[in-house]
Amino acid sequence: MAELSTDLQALHGIGSRHAQRFRKMGLATLGDLLTWFPRRYEDRRTVKEIAALSDGETVCVRGFVAAPPTVTRVRDGLDLLQVPVADRSGVLRVTFFNQLWMKAALSPGTEYVLYGKVERNLFGCSMSNPVTERADSQSETGRIWPIYPASAGVSQRTLCRAIREALLICGGSIPEFLPEEVRQSYQLCPVKAAYENIHFPENETALQEARRRLAFEELFLLALGFRGVRQRRQSDAAEAFADADMSPFYDALPFTLTNAQRRCIAEAFADMRSGVPMNRLCQGDVGSGKTMVAAACVYYCVRNGRQAALMVPTELLARQHYDGLSALLSPLGVRVALLTGSVSAADKRDIRRRAAAHEVDFVIGTHALISDGVEFEALGLVVTDEQHRFGVAQRGALTAKGRQPHVLVMSATPIPRTLAMSVYGDLDVSVLDELPPGRRKILTYAVSGDYRPRVYGFLEKQMSEGRQIYIVCPMVEASDDRKAVTEYASELEKVFPGRRILSVHGRMKAKDKERIMSAFAAGDADILISTTVIEVGIDVPNASVMVVENAERFGLSQLHQLRGRVGRGKHQSYCVLISDSRADETRQRLRVMVTTSDGFRVAEEDLRLRGPGDFFGERQHGLPPLRVANLLTDTELLQEARTAAAELSPERCPATVKRAAELLSQGATA
Ligand code: ADP
Ligand code: MG
């Protein structure tokens, strides 16, 4: 019996040149082949009589070759082989393109099974290039047949043959990671049967059972891995915070907290009192007031004689948080400092010294907080305002700063709760599902480019009332119809001659970008044109209109984030989505934006329309790849897998636990 790690050259007919092409597809070993799962299946079981065939259907026909095949050379490089095949009901004309070798294989008087797409017209029935086998030795017909993701160098047929052989010679060495008792209680088939049937299913039931078993295994190992991460953390003691008088903080707020904010704060406080490090995700729509949840936790931490840190993705955001939070917290006796890349070396040194001597209670900063190696004397809480998701391992690096500080992660992209539990499986989740009262709905319109003059007229009106405008276009350089930021800016200068227009794009240096965005935030411009860089939290209460050009190019969640840049002040705000696309899918998506202002619903729709792979896009989400399971549709299975993982006694199956940990660390570094 071969091992999973055996090179696939061990297979018949695969030499070094062939193996090279397999390797290009990421397939080097027999084990790789076995996890190369079919993309879809063809049901090649239905056999029909020729007289009963209908145009366009794909089925099997069983018949005899009625006359010797004829060969026609249509032109150079195109040979036709034609042969009539008959059953008792009629005759099928069969054509093979460039497969002259079939000629010898087709002998008159012999019975064959042909699987292919039927063309039926006035002149009768025909098939082109059907899968053809002798009726007495069927292997690719008469069953459900796998269709693999193939490549130019490695054909479907080669893959099938290789995978079949791999199953035969090492199917018995596939490790069974699901403990017997789990398989029993959830009625999951053994691993070998699952692999055999995911590739070459005996029937639909076997295929469903194989799929269920393999998806379960993925979700189970994921859940088990997260459980391990949690348990390791929970075996670390964190200082249990004591009750503290929060009334100075609440009294200082210019508003009363929403119920959702109170609930999240209570959940976080309970964590920090527990003696186990908090590891909590606070999810909420744009504008739901996540900052105040963080501020309450910071105040609570400082009242407990500890220091806190807040990490945000950009300088501008760090400064905005600094301005807002020091105005709130300094009068309450919290010593706040700002540390970003642009702080002078002398100031950085000073902040580092004060952090180490506990002369500052709360440091707000960018990644510089980590990269400049700030040491805290008594770090009790790390908050990250997370625009992009960190992998499990990276989250770990943030907390290595202190001796087991509490961790609060703020997520700007609401995702459905079940998904949050798997993507952030090592975190507890709090949801801010309520907006502060009195928010006006952002009025959203989806229009075509013809409306641009009217949109401009509307913008002029808004600006004459003193408001500011964001305009987003998707690309830096003009290519095809994409509006370049710079081109767009000069065009707009002609439309709005007296207006101050600034533009930023992704290719600018971070410093220049920040400078321009700060100028806009300070009211030094009427219009800010940009690519999506403004997605990353900027807070300009005076901005009332968000215009998005080529809106079809953005994901729904992204559009929702962009829209969240307006409506942050007291003015009625608007979002105008411009798109000339007539595609149904685009219209459907933009329709969601127009009718829905709830970020969770937008995210759900986005996931539904695009699937989780595209939803997360290139973003690092820290998950090992799931080959079979679908986080969106396998919700029930996900629940079962989580329960099974929670109930497992790890000491009884060390190999499974080890595998789960390995998978998770792969995901984090991938
Ligand atoms: P986000 O969740 O997007 O980070 P913020 O924390 O920036 O939201 O809050 C958005 C705005 O709402 C801020 O101007 C903040 O001062 C205000 N805000 C937060 N909580 C409340 C509340 N309970 N009542 C009224 N306004 C609030
Ligand atoms: Mg925020």
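Counting starts at 1 for both ligands and their atoms, following the listed order.
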Protein non-hydrogen atom found under 4.0 Å from atom 14 (O) of ligand 1: no
Atom 3 (O) of ligand 1: nearest protein contact (heavy atom, Å): Gly287 N, 2.6 Å
Gly284 touching ligand 1 at heavy-atom level, < 4.0 angstrom: no
Under 3.5 Å side-chain donor-acceptor pair for Arg280 and Ser430: yes
Under 3.5 Å side-chain donor-acceptor pair for Ser288 and Glu434: no
Between Thr366 and Glu315, a side-chain donor and acceptor under 3.5 Å: no
Shortest protein heavy-atom distance from atom 20 (N) of ligand 1, along with the residue and atom involved: Gln261 NE2, 3.0 Å
Pair Arg563-Thr444, side-chain donor/acceptor within less than 3.5 Å: yes
Within-shell test, Asp285 vs ligand 1, heavy atom, strictly < 4.0 Å: yes
Short N-O contact, Asp350 and Arg354, less than 4.0 angstrom: yes
Any N/O pair Lys290/ligand 1 closer than 3.5 Å: yes
Atom indices of ligand 1, in the order listed, that fall short of 4.0 Å to a heavy atom of Thr256: 22 (C), 23 (N), 24 (N)
Heavy atom of the protein closest to atom 17 (C) of ligand 1 (residue, atom name, distance): Arg439 NH2, 3.6 Å
His321 side chain to Asp385 side chain, donor-acceptor N/O pair below 3.5 angstrom: yes
Ligand-residue contact atoms, ligand 1 with Thr258, heavy atoms, under 4.0 Å: 23 (N)
Atom 11 (C) of ligand 1 protein-contacted (non-hydrogen atom, under 4.0 angstrom): yes
Protein contact of atom 16 (O) of ligand 1 - nearest heavy atom, named by residue and atom, plus distance: Phe255 CE2, 3.6 Å
Residues Asp526 and Gln468: side-chain donor-acceptor under 3.5 angstrom: no
Closest protein heavy atom to atom 6 (O) of ligand 1, given as residue, atom name and distance to 0.1 Å: Thr291 OG1, 2.6 Å
Mutual orientation of the aromatic rings belonging to Tyr574 and Tyr445 [parallel < 30°, tilted 30-60°, perpendicular > 60°]: parallel
Within residues 262-288 or reaching into it, pairs that qualify as ring pair (Phe, Tyr, Trp, His ring centres under 6.0 Å) - sequence neighbours excluded: Phe269-Tyr300
Per-atom contacts, ligand 1 versus Val286 - under 4.0 Å to a heavy atom: 3 (O)
Sub-4.5 Å side-chain heavy-atom contact between Leu381 and Met278: yes
Shortest protein contact, atom 8 (O) of ligand 1 (heavy atom only): Gly289 N, 3.2 Å
Contact check, Leu432 vs ligand 1, heavy-atom distance below 4.0 Å: no
Sub-4.0 Å heavy-atom approach of Arg568 to ligand 1: yes
pair Val566-Val545: side-chain heavy atoms closer than 4.5 Å: no
Ligand-residue contact atoms, ligand 1 with Leu257, heavy atoms, under 4.0 Å: 23 (N)
